[in-house]
J.: 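The structure's right below; bear with me while I get my questions together.
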Amino acid sequence: MEKIQSVRGTYDLYGAAKRKMKKVVATGSQVVEKYGFEEIETPIFEFTEVFARNLGDTSDIVTKEMYCFEDKGGESLTLRPEGTAGVVRAFVSNGMQQNLPVKFYYSGPMFRYERPQKGRQRQFTQFGVELLGVETPQADVEVIAMAYEFLEKLGLSGQVTVEINSLGDAQSRDAYRAKLVSYLEQHYDELSPDSKERLTRNPLRILDSKEECDKKVVENAPLYADSLNTESKNFFAEVLRLLDKLNIKYRVNNRLVRGLDYYTHTVFELTTDKLGAQGTVLAGGRYNGLVGQMGGGNVAGIGWACGVERLAMLLDKDIDLPRPIAVIPVGEDAQETAMLIAQQLRQAGFCVEQSYSGNMKKRLIKANKVNAQYAVILGSEEIMQNLVTVKNLDSGEQKTVAMNDLVKEIR
Ligand code: ATP
Ligand code: MG
């Protein structure tokens with residue numbers, strides 16, 4: 001029989017890879033909690049319209065990447081492809097507008113039907129934040145500073161660039177779109193087939209096409225900055241000024257647009273050149289219209305999300321597990337005492353491995369295999385005198401100590 005496989009683009013996470021992902025999420029949580037963000041967990045599936053209506057019906061996610069299904073009651077449901085729509089839905093469903101600002105973080109699996117490759121999966125994990133109810137540039141800067149500190153704490157800030165742009169308000173965005181379309185129409189024949197189609201559906205997306213022929217056309221496209229109205233220009237200038245104040249280095253990238261319809265004003269990405277085409281590790285922006293679109297009134301929002309697997313791949317050092325103590329009984333009679341001592345040590349806070357079977361030599365080999373720091377060896381004669389042998393497995397040094405002093409001795 002053929003061996004049973006996981007679904008294409010999905011992975012079993014364990015061992016070193018899982019440890020790194022855990023570290024990414026733990027570090028992220030620690031950093032954002034310092035900024036007053038609290039964890040939220042929203043359902044993994046939502047009504048399809050939560051995503052279909054709000055991410056933009058021409059976005060890549062909605063047109064080709066969503067896992068939609070009909071449940072047994074005939075409802076159209078979708079596995080969440082991203083976190084923001086669900087958090088904003090929860091914000092509106094629970095009437096959280098009464099107590100602004102609202103600051104949430106989340107982590108968990110997301111699902112997108114994409115072509116699997118390194119750093120691109122069909123089920124992947126995001127860690128993200130959303131800040132609702134603050135309209136001023138301070139929010140943009142705080143959220144970016146938080147992302148930066150997060151990567152710094154992971155030891156990655158040196159290999160990551162902050163790219164930033166402004167899409168301006170709705171008026172600026174419309175003005176730019178018109179200019180861009182009229183430019184691209186003049187170069188229609190040079191565009192890739194995909195981009196020819198995007199020209200009517202989602203022209204902004206052509207700006208971040210990865211096709212060489214599109215890149216060439218885009219090089220001379222009108223600049224976003226020239227279409228921003230005064231208000232939008234001032235807003236962006238203030239964001240950049242405050243980033244300078246905080247000493248956060250960034251690069252203004254006029255070509256940076258985000259693929260979703262809900263973004264306004266500031267958009268940003270943290271990128272690395274270490275993951276090939278999958279170089280974006282964290283991305284976000286301001287979404288002032290989204291809450292309103294979902295019927296929650298005029299509430300501004302800004303947030304980001306990172307790919308936990310992509311960040312974990314950048315951590316080159318393995319994450320060490322705590323080194324255990326191996327408790328080794330010699331002979332049948334010592335088994336029970338070994339179990340009691342193991343329990344006692346665990347209660348004192350140590351990580352303890354019991355070697356379940358075999359003679360002393362075999363058990364010592366096992367102890368080394370789990371990278372134990374000490375072995376506590378129990379012979380039946382020693383037990384009668386309330387003694388144990390403690391062996392330092394690094395130095396080989398060993399010592400007989402009274403059972404009552406064991407915890408103290410190992411500390
Ligand atoms: P890309 O341009 O790589 O497709 P995106 O714009 O679709 O990225 P976002 O929706 O902004 O990505 O998601 C935020 C982050 O989540 C990305 O920067 C990336 O690190 C991660 N991510 C997105 N899609 C995937 C995927 N299919 N597999 C793994 N990680 C992903
Ligand atoms: Mg994508």
Side-chain angles (χ1 to χ4, degrees), residues 6-11 13 17 20-21 24-25 28 51 54-56 58-67 78-88 105-130 143-144 147-148 150-151 154 156 159-165 167 194 198 202 204-211 214-215 253 255-263 266-287 290 302-315:
S6 71
V7 175
R8 187 163 132 83
T10 68
Y11 298 89
L13 299 165
K20 287 180 182 177
M21 288 176 61
V24 169
V25 173
F51 307 111
N54 296 302
L55 308 189
T58 60
S59 64
D60 283 354
I61 291 184
V62 174
T63 52
K64 37 185 198 205
E65 298 175 359
M66 293 206 304
Y67 278 93
T78 293
L79 298 182
R80 62 183 185 194
E82 56 99 59
T84 304
V87 171
V88 171
Y105 75 91
Y106 60 83
S107 70
M110 305 293 163
F111 305 84
R112 296 184 194 177
Y113 190 79
E114 300 196 69
R115 196 165 67 77
Q117 49 197 297
K118 186 180 177 209
R120 195 173 293 285
Q121 301 151 214
R122 290 184 174 171
Q123 176 175 336
F124 62 100
T125 314
Q126 279 187 343
F127 175 90
V129 301
E130 312 295 348
V143 157
I144 294 171
Y148 193 78
F150 169 36
L151 296 198
L154 286 174
L156 299 174
Q159 13 177 323
V160 165
T161 312
V162 180
E163 303 205 33
I164 190 167
N165 194 20
L167 306 180
D194 265 358
R198 288 184 187 123
N202 194 355
L204 290 184
R205 196 76 225 225
I206 298 175
L207 293 181
D208 67 3
S209 163
K210 281 152 193 143
E211 302 281 345
D214 294 334
K215 281 190 187 162
N253 176 355
R255 302 294 177 215
L256 179 66
V257 290
R258 305 277 310 129
L260 304 176
D261 271 6
Y262 54 57
Y263 287 112
T266 317
V267 291
F268 53 92
E269 287 189 354
L270 275 60
T271 57
T272 164
D273 53 14
K274 302 243 155 73
L275 295 172
Q278 273 59 251
T280 306
V281 290
L282 184 151
R286 184 170 269 287
Y287 47 85
L290 184 57
I302 182 163
W304 51 253
C306 71
V308 175
E309 286 86 352
R310 286 191 197 175
L311 282 172
M313 279 191 284
L314 290 176
L315 304 180

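Given the structure is predicted, the values throughout are model-derived calculations rather than measurements. In each ligand, atom 1 is the first atom listed, and ligand 1 is the first ligand listed.
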J.: Tell me whether R112 contacts the main-chain N or O of E65 through its side chain, where contact means a donor paired with an acceptor under 3.5 Å.
T.: no
J.: Considering heavy atoms of the protein only, find what lies nearest to atom 7 (O) of ligand 1 and give residue, atom and distance to 0.1 Å.
T.: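 Here the closest protein heavy atom is R112 NH1, 2.9 Å.
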J.: Please work out, at 4.0 Å between heavy atoms, whether the side chain, the backbone, both, or neither of T280 comes within that distance of ligand 1.
T.: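 The answer is both.
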J.: Short list, please: which atoms of ligand 1 are under 4.0 Å from a heavy atom of Q121?
T.: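 Matching atoms, with element in brackets: 26 (C), 27 (N), 28 (N), 29 (C).
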J.: Is there a heavy atom in Q278 that sits closer than 4.0 Å to ligand 1?
T.: no
J.: Starting from atom 19 (C) of ligand 1, find the nearest protein heavy-atom neighbour and note its residue, name and distance.
T.: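 Ranking protein heavy atoms by distance from atom 19 (C) of ligand 1, first comes R310 NH1, 3.4 Å.
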J.: Kindly identify the option in W304, F124, F127 whose heavy atom sits closest to atom 31 (C) of ligand 1.
T.: F124
J.: State the atoms of ligand 1, each with its element, that fall below the 4.0 Å cut-off from a heavy-atom position in A283.
T.: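 Near A283, meaning under 4.0 Å from one of its heavy atoms, ligand 1 has 11 (O).
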J.: Judged by non-hydrogen atoms, does M110 sit under 4.0 Å from ligand 1?
T.: no
J.: When you measure from the heavy atoms of Q126 to every atom of ligand 1, does any distance fall below 4.0 Å?
T.: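 Under 4.0 Å: yes for Q126.
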J.: Of the side chain and backbone of E309, name the one, both, or neither that has a heavy atom under 4.0 Å from an atom of ligand 1.
T.: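 None of E309 does.
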J.: Distance-only, no hydrogens or angles: does the R80 side chain make a donor-acceptor pair with backbone N or O of M110 under 3.5 Å?
T.: no
J.: Going by distance alone, is a donor N or O of one side chain under 3.5 Å from an acceptor N or O of the other, for T271 and E163?
T.: yes
J.: Do any heavy atoms of K210 fall under 4.0 Å from ligand 1?
T.: yes
J.: Can you tell me the protein heavy atom closest to atom 29 (C) of ligand 1 and the distance?
T.: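 Answer for atom 29 (C) of ligand 1: G119 O, 3.3 Å.
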J.: Mind checking whether F127 and Y105 have parallel, tilted or perpendicular rings, split at 30° and 60°?
T.: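 Rings of F127 and Y105: tilted, as their planes differ by 30° to 60°.
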J.: Checking the side chain of T63 only, and the main-chain atoms of S59 only, is there a donor and an acceptor separated by less than 3.5 Å?
T.: yes
J.: Nearest to atom 3 (O) of ligand 1, what protein heavy atom do you find, and at what distance?
T.: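 Minimum-distance protein heavy atom for atom 3 (O) of ligand 1 reads R120 NH2, 2.9 Å.
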J.: Classify the contact between E114 and ligand 1 as side chain, backbone, both or neither, using a heavy-atom distance cut-off of under 4.0 Å.
T.: side chain
J.: If you measure from CG on L290 to CG on N54, what distance do you get to the nearest 0.5 Å?
T.: 5.5 Å
J.: In terms of atom number and element, which parts of ligand 1 are under 4.0 angstrom from non-hydrogen atoms of G307?
T.: 15 (C), 16 (O), 20 (O), 21 (C)
J.: Distance check, rounded to the nearest 0.5 Å: I164 atom CD1 versus N253 atom CG?
T.: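 So the gap between those two atoms works out to 10.5 Å.
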J.: Does the side chain of T125 come under 3.5 Å of the side chain of E309 through a donor N or O and an acceptor N or O?
T.: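 Result is yes, a qualifying pair exists.
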J.: A quick test of your reading: do over 12 heavy atoms of other residues, nucleotides or ligands sit less than 6.0 Å from OH of Y113?
T.: no
J.: Within the 4.0 Å heavy-atom shell around R258, which atoms of ligand 1 are there?
T.: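 Near R258, meaning under 4.0 Å from one of its heavy atoms, ligand 1 has 6 (O), 9 (P), 11 (O).
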J.: Between the side chains of E269 and R258, is the shortest nitrogen-to-carboxylate-oxygen separation below 4.0 Å, so that they form an ion pair?
T.: yes
